[in-house]
2 protein chains.
Amino acid sequence: MTRASPRPNLAIGAYRHLKRDIIRGAYTPGEKLRMSDLKTRYDLGVGPMREALSQLVSERLVTAVSQRGYRVAEMSIKELEDLYDARAQLEGLVLELAIARGGDDWEAQILAKAHALSKVLEVHSADDMLDIWDARHQAFHGAIAAGCDSPHLLQTRAWLFDQAERYRHLWLCQTVFSAEALDAKRREHAALTDAILARDAATACTMMREHLMTPVPIIKEVLREQGLV
Amino acid sequence: MTRASPRPNLAIGAYRHLKRDIIRGAYTPGEKLRMSDLKTRYDLGVGPMREALSQLVSERLVTAVSQRGYRVAEMSIKELEDLYDARAQLEGLVLELAIARGGDDWEAQILAKAHALSKVLEVHSADDMLDIWDARHQAFHGAIAAGCDSPHLLQTRAWLFDQAERYRHLWLCQTVFSAEALDAKRREHAALTDAILARDAATACTMMREHLMTPVPIIKEVLREQGLV
DNA sequence: CGGCTTAAAAATATCTACATTTTTATAAAA
DNA sequence: TTTTATAAAAATGTAGATATTTTTAAGCCG
């Protein structure tokens with residue numbers, strides 16, 4: 001008899017909640033995270049709160065200075081550019097390996113997820129639309145990456161993804177609510193799928209890197225508009 | 001007036017100490033880390049100890065199950081192979097970018113570090129020898145990687161490095177105390193340096209990937225000998 | 001009168017000790 | 001041998017004590 005999920009402790013809950021809030025932009029970059037405020041906001045003691053913050057420091061979403069508390073990590077154009085470049089390069093590598101290593105099941109999964117993504121047309125509420133499209137979009141790219149068959153490379157990919165998610169969220173809001181942008185993405189995904197299934201590594205990797213870099217100018221603009229940098 | 005390093009709090013000290021102990025093999029993989037033991041061993045309260053453990057969980061050196069405490073992460077042949085493969089692939093990518101992006105200063109630094117590494121011949125005590133050779137070896141590879149000019153790729157590289165360090169430590173002990181092994185490494189490093197300075201990306205990347213994979217069979221053997229798997 | 005230093009006060013972060021809950025080990029009974 | 005009841009051990013959470021930083025205000029010199 002195995003208990004799949006022993007009741008998670010408060011620190012884990014706080015970690016998830018706080019991480020989500022940071023990613024969704026509930027705090028402004030660089031904002032001070034006062035213990036007393038956090039305690040009341042998340043209705044917790046200092047112990048669990050500190051644990052959650054420690055983990056977020058490890059993930060670089062929060063910065064800490066000894067005896068001077070915690071702050072939400074800063075955002076910057078410079079970081080945005082490097083982060084997306086790193087992601088694009090890594091994704092290119094992962095895709096190259098996936099094309100070399102992936103089997104029939106890998107191909108099938110890509111087709112399945114691509115199909116699911118292309119069908120997000122039904123009418124949904126705005127928030128639902130964002131969540132559903134994003135979930136399927138991630139599933140599609142995840143299916144592609146999975147072919148590299150390396151837990152540690154995938155872990156690394158997930159780690160960079162988390163780092164980028166605050167920026168990415170800004171882009172999502174711009175893209176999901178624009179029929180035009182969505183359509184452009186649909187075409188990119190279709191072309192990418194074709195190149196991958198044709199096992200054309202050179203073309204596919206180049207397309208993937210470019211695909212991942214397209215959000216950068218859009219995010220830059222939003223960052224400036226919203227005065228986040 | 002800036003205080004470069006405000007006195008670090010106890011959690012940071014505990015984190016460093018515990019991490020070092022895990023990497024150096026002071027605990028056996030999978031060993032339970034009891035709070036009461038840790039408290040006495042590191043002479044600390046539970047608060048700081050928990051913070052340190054939380055960070056190590058983020059870094060996957062420790063595993064946690066809610067309400068059932070912490071354990072040193074397991075080691076396995078499977079993980080060893082994936083970890084080193086991931087590292088080799090990433091290092092290949094980083095090197096490719098470095099050759100494309102690195103400038104004169106990058107080349108100079110590589111030569112400097114390569115020279116320092118090749119000169120570790122003077123007689124040292126055994127422990128000194130290990131520390132000095134390792135430090136210079138890391139500096140050499142670090143100088144090469146730095147050329148990719150991407151903080152996030154380098155961060156990612158450092159993260160995989162940390163993951164591998166427990167395995168790597170086993171290899172170091174085998175290599176540093178063998179004049180023959182050291183000499184083989186010296187030749188590999190020299191050839192690598194030549195290919196890099198010649199900006200021969202294809203050759204250099206292949207050599208780098210192979211260079212990083214050479215420890216794997218040695219570590220496998222040690223793991224089996226010491227019954228760690 | 002204004003800028004600078006110094007000193008007290010408030011706010012904040014950090015740590016320890018204790019209380020509570022949950023898990024694990026032990027022993028008795030079926 | 002398996003199951004169940006009990007006791008011990010361990011993890012988790014809270015509250016209060018301590019140390020550090022930041023703010024505020026007063027004093028001093030130019």
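Chain letters run A, B, ... following the sequence lines, proteins first and then strands; every chain starts at 1. It should be emphasised that the depicted structure is a prediction, and the values quoted were computed from it without experimental measurement.
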[X] [atom1] to [N] [atom2]: how many Å, rounded?
X: B/Leu53; N: D/dA11; atom1: CG; atom2: P; answer: 10 Å
X: B/Lys39; N: C/dC18; atom1: NZ; atom2: P; answer: 10 Å
X: A/Leu38; N: C/dT12; atom1: CG; atom2: C1'; answer: 12 Å
X: A/Arg34; N: C/dT14; atom1: CZ; atom2: C1'; answer: 17 Å
X: A/Asp37; N: C/dA11; atom1: CG; atom2: P; answer: 13 Å

Partner set under salt bridge (charged side-chain N to carboxylate O under 4.0 Å, His left out) for A/Glu91, not counting sequence neighbours = A/Arg157
List for me each residue that meets salt bridge (charged side-chain N to carboxylate O under 4.0 Å, His left out) alongside B/Lys113, sequence neighbours excluded, and say none if there are none.
-> none
Reading nucleotides 12-17 of chain D 5' to 3', which nucleotides get B (base under 4.0 Å from a protein heavy atom), which S (sugar-phosphate only), which -?
-> SSB---
Quick one: which residue pairs count as a ring-ring contact (aromatic ring centres under 6.0 Å, His included) with a foot in residues 44-96 of chain A, not counting sequence neighbours?
-> none
Mark yes when over 12 heavy atoms from residues, nucleotides or ligands other than A/Asp37 sit less than 6.0 Å from its CG; otherwise mark no.
-> yes
Could you tell me which residues satisfy ring-ring contact (aromatic ring centres under 6.0 Å, His included) with B/Tyr27, sequence neighbours excluded, listed by chain and number?
-> none
What pairs with A/His169 under ring-ring contact (aromatic ring centres under 6.0 Å, His included), at least two apart in sequence or on another chain?
-> none
Assign B/Leu33 to base, sugar-phosphate, or nothing according to its heavy-atom contacts below 4.0 angstrom with the strands shown.
-> sugar-phosphate
Classify the nucleic acid contact of B/Lys32 as base, sugar-phosphate or nothing, counting any heavy atom under 4.0 Å across all strands shown.
-> sugar-phosphate
